[in-house]
Amino acid sequence: ETGVTQTPRHLVMGMTNKKSLKCEQHLGHNAMYWYKQSAKKPLELMFVYNFKEQTENNSVPSRFSPECPNSSHLFLHLHTLQPEDSALYLCASSQDSTSGRGYEQYFGPGTRLTVT
Amino acid sequence: QKEVEQDPGPLSVPEGAIVSLNCTYSNSAFQYFMWYRQYSRKGPELLMYTYSSGNKEDGRFTAQVDKSSKYISLFIRDSQPSDSATYLCAMRGNNNDMRFGAGTRLTVKP
């Protein structure tokens, strides 16, 4: 595997379910990100991890819970979601998040989430 | 006012045309300016970046930044059908926070 991988690619869940999204990067990077992409809206940065430490939480509801066990893996745990949470969830990584190179982010293909 | 404004299009041009894509922004703290390309069912990929004002050229692509006007552009020369994608502008200051435009969907017709 190369680059940034995400599983599953598609997920349909009910509002009472609990599920997790997984992201893995094979680039030796130290920063990882979760973004939400909704139709015709800008990408919304959700969480940033730099060297496994969470450095950003952009007022994301607590029904989204990130976990970063090491610099290569990032999870997004989901519970009691709402229909408006349906979107494409993108994971990205970069060399680190605080230096100028933080702009050079590599994205995974995303998980298309549908909440019914 | 949105922090980053980008016309969503869609934009349709014939093969070989010059394409101009633009974004405006309001935050004068932005220093890094990027263009990402996103093909259908794929994640965005970094196409070009520019630090501060100026021009940058890479093959058929030219990125321009005018900080005084808070305006950035991406030009595609000799456009090809393979350039059909959504183009996202992005920018950030000296912190972690990247801001994206909503993306412009481009179709290049053979």
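Just so you know, these numbers come straight off a predicted model, no measurement behind them. Letters A, B, ... mirror the listed sequences (proteins, then strands); counts begin at 1.
- Linking Ile, Leu, Val, Met, Phe, Trp and Tyr whenever their side-chain heavy atoms come within less than 4.5 Å leaves B:Met98 and A:Phe47 in two separate clusters.
- When each of A:Arg112, A:Gln37, A:Arg9 is scored by its heavy-atom pairs under 4.5 Å with chain B, the top score falls to A:Gln37.
- The contact between A:Leu43 and chain B is made by backbone and side chain atoms together, counting heavy-atom distances below 4.5 Å.
- In this structure, A:Leu88 is not a member of the same hydrophobic cluster as A:Phe64, with clusters built from ILVMFWY side-chain heavy atoms closer than 4.5 Å.
- One hydrophobic cluster holds both B:Ile76 and B:Val65 under the rule that ILVMFWY side chains link at heavy-atom gaps under 4.5 Å.
- A:Met46 and A:Val4 fall into different hydrophobic clusters, where Ile, Leu, Val, Met, Phe, Trp and Tyr side chains are chained together by heavy-atom contacts under 4.5 Å.
- Enclosure of atom NZ in B:Lys67 by more than 12 non-hydrogen atoms of other residues, nucleotides or ligands within 6.0 angstrom is indicated.
- Chosen from A:Glu44, A:Lys41, A:Lys40, the residue pairing most often with chain B at heavy-atom distances under 4.5 Å is A:Lys41.
- The candidate from B:Leu46, B:Leu88, B:Thr86 with the greatest count of non-hydrogen atom pairs under 4.5 Å with chain A is B:Leu46.
- Criterion: ILVMFWY side-chain heavy atoms under 4.5 Å apart, direct or through other members. Under it, B:Leu74 and B:Leu11 are part of a common hydrophobic cluster.
- There is no contact between B:Phe33 and chain A, counting heavy-atom distances below 4.5 Å.
- Legend: ring pair (Phe, Tyr, Trp, His ring centres under 6.0 Å) pairs involving residues 48-71 of chain B, not counting sequence neighbours, sorted by first then second residue: A:Tyr103-B:Tyr49, B:Tyr32-B:Tyr51.
- Two residues are said to be in side-chain contact when any heavy atoms from C-beta on lie closer than 4.5 Å; A:Leu90 and B:Pro44 meet this criterion.
- Looking only at distances, no side-chain donor or acceptor of B:Arg99 sits under 3.5 Å from a matching main-chain atom of A:Leu45.
- Using a 4.5 Å cut-off between heavy atoms, B:Pro8 does not touch chain A at all.
- Side chain of B:Tyr36 to backbone of A:Gln105: a donor-acceptor contact under 3.5 angstrom is found.
- Heavy atoms of B:Gln38 lying under 4.5 Å from chain A belong exclusively to its side chain.
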